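Small disclaimer: the values here were computed from a predicted structure and weren't measured. Throughout, a chain's letter reflects where its sequence line sits, starting with A, and its residues are numbered from 1.
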Amino acid sequence: MFREFKKEVEKVLTKALKKASYAAAGEELELEESEHADISSRVAFSLARTHKQPPSVVAEEIVRHLELTETSADSKLILKAVAVGPYINFYANDFFLQKTLQRIKDEEGAKPAAAEKRRGKIIIEHTSANADGPLHIGHLRNAIIGDVLVRVLKRAGFAVETQYYVNDMGRQIGVAVWGAERLEVAADKKPDHAVADVYIAANKLLEAEKEAAAETVEAETVEAETEAEKSVGELMRKYEVGDEEVVRRYKAVVEKCLSGVRASLERLNIRHDLFVWESEFVRSGAVAEVLEELKRKGEVRFEGSAVLLKLEGIGKELVVQRSDGTSLYTARDLAYHRWKSERGDRVDRIIDVFGKDHELVSQQLAKALEILGVRVLPEFVLFEFVSLPSGSLSTRAGRYISVDELIEKIEERAYEEVSKRRRDLSEGKRREIARRVGVGALRYDIVKVSPEKHIVFDLENALDIEKKGAPFVQYSHARACSILRAATAAATARGSEASRLWLHEESEKELVKKLAKFESVVEAAASELRPHLVAKYARELAESFNLFYKDCPVLTAEKVEVREARLVLVECAKIVLSRVLEVLGVEAPEEM
RNA sequence: GGGCUCGUGGCUUAGCUUGGAUAAAGCACCGGCCUUCUAAGCCGGGGAUCGCGGGUUCGAAUCCCGCCGAGUCCGCCA
């Protein structure tokens, strides 16, 4: 509802500017949300300059020309406007509050599915970790930013398909497959962790062999490949051309790892619609086609058999084919993106969630796609790295904290917290709440930080279930549920039609106004692709609810009208709290 | 060396795209509030040269330039 209010303010203010003959100063109304008003305009500042009057005089003058009668079609939602120094402050009226609650209740019954496709289809790729081990906290950031974005975009009215790009052709996978032949893959471990063990051990073997070779051979020939490295290379070549036996072995390792990754994602409430293997594009001939087309349409240069592509505005050329003729990640990614843009009936946008280390790569990708004349160019959401206090992460070196380990620990900590507070609940119930609170806290903790910020992950900090994070919001939701339960039990009459609203307390009004902002927050997060905005709003909403909760008794309110009105408010608060949690991918427990 | 990003109370962050009302929160610290719908809550307090230096402006955390510090990328890895 906030957007409607804002539109009205724009309309009324524009009219007043015209009437006061300030209209010449451009269209900019300089509206902002403010702690001093529901919406505030700074337009008097800029007008003051062009009209050579003090800003406060201009503000007064504008306010004098505002038409805010109750009967005016333009100002149904505005209570008043006041000039405070240079600022013009607008306030919403009771009708706005009433409408807000009405809208929330109406939408709750309606099916969102019908509305979903109205803004077009988006394919979003996120997580896409290499199949050489479990997800760690670096991937976690990608996954959570991606997943919240998916939820934000769906809520904002897009049809969204989520893809996981399976990098099955890299050297890492070759090493893992090579290792799986010589070393035992533990059967009793979570599959992705078992693969990581083998991958790490295989790397050590390769390393050891290289060192051994370096000792026996003179310094000059250290470059030479060891036997082990040769067999890894052999594996990769055979996989590329589709050697059946090698493909079978690759598949076994990658699928194994992926099943573990999928399980971890599931625990985090993250699901992908489609897993796309990059090798598909090599075998289908799509990569070869892309290369041919680049040679025709682009400016390429050969260095031996290697193919280098010149890209506009980027100093370095992009290598799109190795000198040994095998394909390169970049070429496969081009094929993948072209396939996405041509997929299905109509794809309108393609979004990739990448780490900051892919920034240059993503620019190159976009340029090359442009050369190919691909219809839908990708948009990139880049996020900065996560590191540990001890340094950067590395799967190969075994230097990481796995997502599984993290979830275990945080759920355990959450269980302690629940147990402290709710001895009345059964063990099973406490476990269930701990699971929801733990995962929620983890997701919130990651998503609340804006993507361009570098994170040094502190385990102790993450485990210290932050009081104003997800649990805080969940707690508010549980409180609302608790009131509604009690109301039902006592058969308290629910506010019938919110015809006349009996909400007069400041904290009641503030809560409604906060509720009204849900859509505009989602919209902002969607258009800017900045999911952390939702996290901030969720916390503020919970804060507003808690203030109301403390100020205004619901069930014991003396007047029937007040009781009913507050019950409606609690119901709406519960609805929006659960919506915002849903968008954050955090579960909304009815009690905790 | 060059590109991009970040640098806000002891710690973690919001605000920066669109310059304006006392720089906003959480954690930690100090002090209050459970005979009323869950105290994972509420109220109050101390604590900030917004990395440093310059510039633009009536006005700069926000825009521009330089410097310092951290991260990351820079042709055959993904």
Student: Tell me whether A/R396 forms a cation-pi arrangement with A/Y199, defined as NZ or CZ under 6.0 Å from the six-membered ring centre and within 45 degrees of its axis.
Tutor: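 Pair A/R396/A/Y199 does not count as cation-pi.
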
Student: Give a yes/no on whether any side-chain N or O of A/R421 is located under 4.0 angstrom from OP1 or OP2 of B/rC34.
Tutor: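 Indeed not, no polar side-chain atom of A/R421 lies that close.
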
Student: Let me know, please, whether A/E35 or A/S450 comes out on the 5' side of the other along RNA chain B by nearest nucleotide.
Tutor: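 The residue mapped nearer the 5' terminus is A/S450.
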
Student: Could you check A/H36 against A/V554 and say which one's nearest nucleotide on RNA chain B is further toward the 5' end?
Tutor: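 That would be A/H36.
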
Student: Expressed in angstrom and rounded to an integer, what is the separation of A/Q363 atom CD from B/rC74 atom P?
Tutor: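 The answer, rounded to whole Å, is 13 Å.
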
Student: Between A/Y549 and B/rA39, is there a side-chain N or O to OP1/OP2 distance below 4.0 Å?
Tutor: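 Yes, such a contact exists.
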
Student: To the nearest angstrom, how far is A/R479 atom CZ from B/rA40 atom P?
Tutor: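 In whole Å, B/rA40 P and A/R479 CZ are 8 Å from each other.
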
Student: Which part of the nucleic acid, if any, lies within reach of A/V418 when heavy atoms closer than 4.0 Å are counted: base, sugar-phosphate only, or nothing?
Tutor: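 It contacts base atoms.
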
Student: Which atom pairs, one a donor and one an acceptor, fall under 3.5 Å between side chains of residues 129-137 of chain A and the rest of the protein, sequence neighbours left out?
Tutor:
residue	atom	partner	partner atom	Å
A/H136	ND1	A/G138	N	2.9

Student: Measure the distance from CG on A/D445 to P on B/rA25 and round it to the nearest whole Å.
Tutor: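 Checked: the CG to P distance equals 20 Å.
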
Student: Would you mind classifying the nucleic acid contact of A/T330 as base, sugar-phosphate or nothing, using non-hydrogen atoms under 4.0 angstrom?
Tutor: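 No contact.
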
Student: Under 4.0 Å, heavy atoms only, any strand: does A/L308 hit a base, just the sugar-phosphate, or nothing?
Tutor: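 The answer is base, as A/L308 lies within the cut-off (heavy atoms under 4.0 Å) of a base atom.
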
Student: Quick one: is A/H532 getting a side-chain N or O under 4.0 Å of the B/rG15 phosphate, OP1 or OP2?
Tutor: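 It does, given that an N or O in the side chain of A/H532 lies less than 4.0 Å from OP1 or OP2 of B/rG15.
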
Student: Would you state whether a donor and an acceptor, one from the side chain of A/N89 and one from the base of B/rA21, lie under 3.5 Å apart?
Tutor: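 Such a pair is found, so the answer is yes.
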
Student: Closest approach to the side chain of A/P471, judged atom by atom: which nucleotide of B/rC76, B/rA40, B/rG75 is it?
Tutor: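 Nearest to the side chain of A/P471 among the choices is B/rA40.
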
Student: Tabulate protein N/O versus nucleotide N/O from nucleotides 26-29 of chain B, keeping only pairs under 3.5 Å, one per line.
Tutor:
residue	atom	partner	partner atom	Å
B/rG26	O2'	A/E466	OE2	2.8

Student: Nearest-Å distance, CG (A/L334) to P (B/rA78)?
Tutor: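 In whole Å, B/rA78 P lies 13 Å from A/L334 CG.
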
Student: Measure from CD on A/E460 to C1' on B/rU12 and round the result to the nearest Å.
Tutor: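 From A/E460 CD to B/rU12 C1': 15 Å.
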
Student: Counting any heavy atom closer than 4.0 Å, what does A/C552 reach on the DNA or RNA strands: base, sugar-phosphate only, or nothing?
Tutor: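 Since a base atom lies under 4.0 Å of A/C552, the category is base.
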
Student: For A/F383 and B/rG71, what is the distance between atoms CZ and P respectively, to the nearest whole Å?
Tutor: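 Checked: the CZ to P distance equals 18 Å.
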
Student: Over all strands shown, is A/R396 touching base, sugar-phosphate only, or nothing at heavy-atom distances under 4.0 angstrom?
Tutor: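 Here A/R396 touches no strand at all.
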
Student: Can you list every pair that meets side chain to side chain donor-acceptor pair (under 3.5 Å) and has a residue in residues 307-319 of chain A, with sequence neighbours left out?
Tutor: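 Pairs touching residues 307-319 of chain A that pass the test: A/R301-A/E317.
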
Student: So what does A/L547 hit on the nucleic acid, given a heavy-atom distance under 4.0 Å: a base, only sugar-phosphate, or nothing?
Tutor: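 If one applies the 4.0 Å heavy-atom cut-off, A/L547 turns out to touch the sugar-phosphate alone, with no base involved.
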
Student: Check this one for me: any side-chain N or O of A/Y329 less than 4.0 Å away from OP1 or OP2 of B/rA78?
Tutor: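 Result: no.
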
Student: In whole angstrom, what separates A/E528's CD from B/rU18's P?
Tutor: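 Result: 11 Å.
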
Student: Within a radius of less than 6.0 Å around NZ of A/K295, do more than 12 heavy atoms belonging to other residues, nucleotides or ligands occur?
Tutor: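 Above 12, so yes.
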
Student: Quick test: give all pairs of protein nitrogen or oxygen and nucleotides 57-61 of chain B nitrogen or oxygen below 3.5 Å, distance rounded to 0.1 Å.
Tutor:
residue	atom	partner	partner atom	Å
B/rC58	N4	A/R49	NH2	2.9

Student: Between B/rA70 atom P and A/L388 atom CG, what is the distance in whole Å?
Tutor: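 Result: 19 Å.
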
Student: Collect all protein-nucleotide pairs involving nucleotides 5-8 of chain B in which both atoms are nitrogen or oxygen and the distance is under 3.5 Å.
Tutor:
residue	atom	partner	partner atom	Å
B/rU5	O4'	A/K356	NZ	3.2
B/rU5	O2'	A/E452	O	3.0
B/rG7	OP1	A/K453	NZ	2.9

Student: Once pairs are restricted to Watson-Crick or G-U wobble with both distances under 3.5 Å, how does RNA chain B read as a dot-bracket string, [ ] for crossings and | for other-strand pairs?
Tutor: (((((((..((((......[...)))).(((((.......))))).....(((((..]....))))))))))))....

